[in-house]
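Written below as structure tokens is the structure these notes are about.
First the proteins, then the strands, lettered A, B, ... as listed; each starts at 1. Fair warning: this is a prediction, and the values are worked out from it, not measured in the lab. Scope of the values below: all heavy atoms of this structure, side chains included, with no hydrogens, waters or symmetry mates.
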Amino acid sequence: MSLRRRYWLMKSEPDAFSIDDLQRVGTEPWNGVRNYQARNFMRDQMQVGDGVLFYHSNCVVPGIVGTATVASRAYPDATQFDPKSDYYDPKATREEPRWFLVDVAFERKLRRTIALDEIKQHADALGEEFALIRRGNRLSVFPVSATQWKHLLALE
DNA sequence: GCCAACGTTGGC
DNA sequence: GCCAACGTTGGC
């Protein structure tokens with residue numbers, strides 16, 4: 001049984017769900033992801049205990065604001081079945097769910113935000129292919145290497 | 001609020 | 001299976 005920890009970055013708009021919200025609730029089902037690539041990472045690759053960089057997007061200072069851990073294996077995102085939800089998907093059925101999520105558990109808030117601005121200045125060390133700083137990237141869930149993880153948190 | 005980038009949808 | 005139209009993301 002391999003328990004080697006993997007690392008991820010997960011984006012959230014703080015107006016919708018912030019690191020403070022996660023701290024308050026402790027654990028949260030990461031619902032609303034409606035992108036196949038992001039879904040596949042959660043469904044096929046995430047393991048309990050994996051590390052998560054919590055990123056605030058679409059806000060005044062976008063950047064990494066905390067860390068979390070993956071707290072469950074993937075299971076169907078209940079909001080896809082709920083006609084009243086913004087995330088309702090009429091093509092999904094309980095027999096054949098289309099969207100999956102994992103639970104995410106609060107670990108800690110960073111002492112300060114590691115801003116996107118600053119992260120960009122470390123493109124050389126992080127690798128130009130790092131999804132966060134690749135131009136036009138919109139993925140909200142993607143893998144981070146152990147080296148990138150260390151490098152990013154060392155900026156704190 | 002603008003708009004570039006890009007994923008998805010659906011007509012053909 | 002192409003691709004134009006459309007919707008969304010997210011930095012600025």
| Please give, in whole Å, the distance from C:dG10 C1' to A:K120 NZ? | 11 Å
| note | Here the distance between atom P of B:dG7 and atom CH2 of A:W99, to the nearest Å, is 13 Å
| said: Output the rounded distance in Å from CG (A:D117) to P (C:dC12). | reply: 7 Å
| task | Ignoring backbone atoms, test whether A:Y36 places a side-chain nitrogen or oxygen under 4.0 Å from the OP1 or OP2 oxygen of B:dC6. | result | no
| message | In whole Å, I'd like the distance from the CD atom of A:Q37 to the P atom of B:dC6. | response | 12 Å
| field | Nearest-Å distance for atom pair CG/P, residues A:D89 and C:dT8 | value | 13 Å
| request: Taking only the side-chain heavy atoms of A:N58 (C-beta and beyond), determine which of C:dG11, B:dG7, B:dC6 contains the nearest atom. | output: C:dG11
| task | Would you indicate what A:L139 reaches in the nucleic acid, counting non-hydrogen atoms under 4.0 angstrom: base, sugar-phosphate, or nothing? | result | sugar-phosphate
| remark: Rounded to whole Å, the CG-C1' distance (A:N35 to C:dT9) equals 10 Å
| field | d(CZ, A:R98; P, B:dT8) in whole Å | value | 10 Å
| field | Centroid-centroid distance, A:F54 to A:W8, less than 6.0 Å | value | no
| field | Under 3.5 Å donor-acceptor pair, A:R34 side-chain atoms to C:dT8 base atoms | value | no
| field | Exam field: side chain A:R5 to backbone A:G49, donor-acceptor pair closer than 3.5 Å | value | yes
| task | Say whether, by atom type as modelled, one donor and one acceptor occur between the side chain of A:N58 and the main chain of A:E13 under 3.5 angstrom. | result | no
| Does A:K11 place a side-chain N or O at less than 4.0 Å from the phosphate oxygens OP1/OP2 of C:dG10? | yes
| said: Please pick, from B:dC6, C:dG11, C:dG10, the nucleotide with the shortest atom-to-atom distance to any side-chain atom of A:P62. | reply: C:dG11
| field | Electrostatic pair A:D77:A:R39 at N-O distance under 4.0 angstrom | value | no
| Separation of atom CG in A:L116 from atom C1' in C:dT9, rounded to whole Å | 14 Å
| OP1 or OP2 of B:dG10 sitting under 4.0 Å from any side-chain N/O of A:K91? | yes
| said: Could you check whether any side-chain N or O of A:Q80 sits under 3.5 Å from a backbone N or O of A:D89, counting only pairs where one atom can act as donor and the other as acceptor? | reply: no
